[in-house]
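Bear in mind that the values here come from a model prediction, so they are computed numbers and not experimental data.
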Amino acid sequence: MKKLFYPLMLGLAFAGFSCGSSSSENQTQNTGAAALNPGQSAVVDNVSNPNVVQVAVGSADHSTLVAALKAANYVDALSNVGPFTVFAPTNAAFDALPAGTLDDLVKPENQRTLRDILEYHVLLGVYKVEDFSNGRNLGTADGRSVTVTKAADGSISINGAKIIGTVSASNGIIHVIDQVLLPK
């Protein structure tokens with residue numbers, strides 16, 4: 001009986017050491033992989049409808065917005081499930097800012113300020129054009145609010161920025177606007 005017991009214990013001990021080192025190696029590899037995981041924005045899906053960031057990336061008129069999202073480290077947040085309503089200024093809207101404004105905002109030391117401005121362009125929930133009524137205040141992702149103006153001709157403006165187009169996305173809706181919204 002002792003002859004059978006000793007090899008069995010030796011085998012179990014060896015198996016325990018093997019599993020322990022393997023587990024440790026896997027844990028190290030998993031930790032390293034988690035540190036390198038870029039987030040939701042790295043998910044590749046060419047079959048589903050694009051999310052709000054993917055729509056912006058695919059638009060030649062929104063390359064400045066995409067660059068600002070990247071500089072503010074805000075891409076992953078807007079790639080998540082949402083739902084979001086995004087007021088997306090065109091490149092021309094960013095060009096209309098005072099000279100040097102955008103260059104200053106994309107500096108690493110101004111990342112928080114840039115993110116606040118971008119969050120001022122985002123509503124939590126989906127607001128279609130027909131949901132907007134004159135004088136309605138809507139809370140933005142940065143905790144402030146924007147005001148809707150509905151003109152007699154039916155056009156809609158958000159804090160004076162006119163909505164010039166609307167695009168649906170898998171995680172919300174994008175309203176293209178002709179000005180950059182700046183918090184007051």
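A distance of 12.0 Å separates OG1 in T113 from NZ in K107, rounded to the nearest 0.5 Å. To the nearest 0.5 Å, atom OG1 of residue T101 and atom CG of residue D95 are 11.5 Å apart. Atoms CG and OG, from D178 and S157 in turn, are 7.0 Å apart once rounded to the nearest 0.5 Å. R136 contributes atom CZ, which lies 13.5 Å from atom OG1 of T149 (distance to the nearest 0.5 angstrom). A distance of 11.0 Å separates CG in N110 from CG in D116, rounded to the nearest 0.5 Å. For the atom pair CG (L97) and CD (Q179), the distance works out to 9.5 Å, reported to the nearest 0.5 Å.
Panel note: side chain N80, backbone G82; no donor-acceptor pair is recorded below 3.5 Å. Judged by distance alone, the side chain of H175 and the main-chain N or O of K128 form no donor-acceptor pair under 3.5 Å. Between the side chain of N51 and the main chain of S170, no donor-acceptor pair closer than 3.5 Å is present.
A donor and an acceptor atom, one from each side chain of S155 and D153, are located under 3.5 Å apart. Neither side chain, N137 nor S145, offers a donor N or O lying under 3.5 Å from an acceptor on the other. A donor atom on one side chain and an acceptor atom on the other are found under 3.5 Å apart for N91 and S63.
Sorted by first and then second residue, the ring-ring contact (aromatic ring centres under 6.0 Å, His included) pairs with a member in residues 143-174 form an empty list; sequence neighbours excluded.
Between F87 and F132, the two ring planes are tilted [angle within 30° to 60°].
Looking at V148, T140, L123, T85 one by one, the single match for side chain to side chain contact (heavy atoms under 4.5 Å, CB included) with I158 turns out to be V148.
H121 and F84 have their aromatic ring centers separated by at least 6.0 angstrom.
Under the 4.5 Å side-chain criterion, counting only non-hydrogen atoms from C-beta, L65 is in contact with L118. In this structure, T166 and I173 have side chains that are in contact, with non-hydrogen atoms separated by less than 4.5 Å.
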